[in-house]
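Proteins get letters first, then strands, A, B, ... in listed order; numbering begins at 1 in each.
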Number of protein chains: 2
Amino acid sequence: MIDSESGVPVYRQLADIVRRQIECGELAPGQRLRTEPEYEFEYGISRASVRRAIAILRQEGLITTSRSGSRVRTVRAMAEVPIGDETRVTTRMPTEMERRQLGVPEGVPVFVVEQDGDQQILAGDRTALIVKAGRD
Amino acid sequence: MIDSESGVPVYRQLADIVRRQIECGELAPGQRLRTEPEYEFEYGISRASVRRAIAILRQEGLITTSRSGSRVRTVRAMAEVPIGDETRVTTRMPTEMERRQLGVPEGVPVFVVEQDGDQQILAGDRTALIVKAGRD
DNA sequence: ACGTATTTGTACGTATGTATC
DNA sequence: AGATACATACGTACAAATACG
């Protein structure tokens, strides 16, 4: 299970375990994770370590957490936004203000799309950029 | 300074203070932040709260932290990568493995560039995508 | 509708390890 | 070698939102 002597931090070990469960579908999108005390007792680690592990997965955009527990993030429908010639695209984490305005959970980056001196911020969890020839 | 009665968590208040210092240039890129004990005593909060505040800024991509302290992230030279027609671009946070492989710090998202069934992962802190007409 | 239990959130403290200066 | 500074990990307590009977 979890080996506190392995050199790998226990919170990271738990994050790895749950991440694998998500990746292999053992924990399906929308499904609830176990509660913090459950992980705590099952793996014999402190609640602080459990919370750190869960925070990692949240930052990776794999789960969302509410007062009633954590769930595997469901895949959002991606709006395919066409971008045209001379467009410059970068990506970064949103400020907290941007996060609220865009309505994106933790662990979701944003696109910064610049064209003609005009700048647009797009939520990374529901936007795919498609290069369309001849478009602007 | 920091008001523990304000309703806003103290770790968030500290994160807000330091973020503002970074945004207004009071803390310049490359410059060291104060040490954890310094924040602890200056604001009269626990070290755990200081560490949470610093973790927030790291996740936002604003600072990097090493054993010798935290520094404001310097802006990396952006390689402008041309992308051509029918390319699909998404963004997300990297897995930890990807982070190590790409050599990007915490708080830096990646581009996923798909073209002709080929998929490429690009570091978000040193890549800008430019749509170039006629390119593939 | 109400109280209770559950579950996460915040905040503190302590101790020890390890890399850096 | 010693001091500094961050990293890990444990514990406690209480608050607040949610779910349940």
Side-chain angles (χ1 to χ4, degrees), chain A residues 1-19 22 27 30-73 96 99-100 105-107, chain B residues 1-19 27 30-60 62-73 96 99-100 105-107:
Chain A
M1 294 278 215
I2 284 184
D3 176 15
S4 53
E5 315 288 309
S6 76
V8 181
V10 297
Y11 68 85
R12 198 172 295 280
Q13 291 183 55
L14 178 56
D16 291 341
I17 288 171
V18 179
R19 190 188 303 105
I22 293 172
L27 280 170
Q31 191 175 341
R32 276 197 62 184
L33 271 61
R34 294 220 246 277
T35 68
E36 292 173 1
E38 275 169 356
Y39 283 124
E40 189 180 341
F41 295 125
E42 283 202 31
Y43 292 98
I45 62 181
S46 73
R47 195 180 153 209
S49 298
V50 173
R51 285 181 63 75
R52 277 193 86 169
I54 289 176
I56 287 179
L57 302 175
R58 201 166 43 234
Q59 290 153 29
E60 290 176 350
L62 295 177
I63 65 171
T64 60
T65 303
S66 75
R67 252 20 217 275
S68 59
S70 291
R71 291 174 182 279
V72 181
R73 261 201 27 219
E96 208 181 286
R99 254 192 49 219
R100 276 196 301 265
E106 274 185 72
Chain B
M1 295 275 216
I2 285 185
D3 176 14
S4 53
E5 314 289 308
S6 75
V8 181
V10 296
Y11 68 85
R12 198 172 294 279
Q13 291 182 55
L14 177 56
D16 292 342
I17 288 171
V18 180
R19 189 188 304 105
L27 280 170
Q31 191 175 341
R32 276 198 63 183
L33 271 61
R34 294 221 246 279
T35 68
E36 292 174 0
E38 275 169 357
Y39 284 124
E40 188 180 342
F41 296 124
E42 283 202 31
Y43 292 99
I45 62 180
S46 74
R47 193 169 157 221
S49 297
V50 174
R51 287 181 60 75
R52 277 191 85 170
I54 290 175
I56 286 180
L57 301 176
R58 200 166 44 233
Q59 289 152 31
E60 289 175 350
L62 296 177
I63 65 171
T64 60
T65 303
S66 74
R67 249 24 211 275
S68 59
S70 291
R71 290 174 182 279
V72 181
R73 259 199 30 216
E96 208 181 285
R99 255 193 47 223
R100 276 197 299 266
E106 276 186 70

Is there a side-chain contact between [X] and the phosphate of [N], meaning an N or O under 4.0 Å from OP1 or OP2?
X     : N      : answer
B:Y11 : C:dA11 : no
B:R67 : C:dT18 : no
B:S46 : C:dC12 : yes

Can you check side chain to side chain contact (heavy atoms under 4.5 Å, CB included) on A:R58 and A:I54, steps first, answer last? CA-CA 6 Å; A:R58 201 166 43 234; A:I54 289 176; 3.7 Å; yes
Using whole Å, report how far CD1 of B:I54 lies from P of D:dA5.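 My rounded result for the distance is 12 Å.
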For atom CD1 of B:I2 and atom C1' of C:dC12, their distance in whole Å: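 About 15 Å, once rounded to whole Å.
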Taking the side chain of [X] as its heavy atoms from C-beta onward, which of [options] lies nearest to it?
X     : options               : result
B:V10 : C:dA11, D:dA19, C:dG9 : C:dA11
A:R47 : C:dT8, D:dA9, C:dA11  : C:dT8
A:A48 : D:dC10, D:dT18, C:dT8 : D:dC10

State whether the distance check finds a donor on one side and an acceptor on the other, under 3.5 Å, for side chain B:R51 versus base D:dA5.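 No pair found.
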Which atom of B:V50 lies closest to which atom of B:L14, heavy atoms considered: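 In this case the closest contact between B:V50 and B:L14 is CA-CD2, 4.0 Å.
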Minimum heavy-atom distance A:Y11-A:S49, with the two atoms named: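 The answer is CB-O, 3.4 Å.
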Under 4.0 angstrom, heavy atoms only, what part of the nucleic acid is B:S4 near: base, sugar-phosphate, or nothing?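 Nothing, no nucleic acid heavy atom in range.
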For B:S66, answer base if it contacts any base atom (sugar-phosphate contacts may also be present), sugar-phosphate if it contacts only those atoms, and nothing otherwise; contact means non-hydrogen atoms under 4.0 Å.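 Contact class for B:S66: sugar-phosphate only.
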Examine distances only and state if a side-chain atom of A:R71 and a backbone atom of A:G30 form a donor-acceptor pair shorter than 3.5 Å.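 Between the backbone of A:G30 and the side chain of A:R71 there is a qualifying donor-acceptor contact (under 3.5 Å).
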Under 3.5 Å on both distances, the Watson-Crick or G-U partner of C:dA1: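 By the stated definition (distances under 3.5 Å), nothing pairs with C:dA1.
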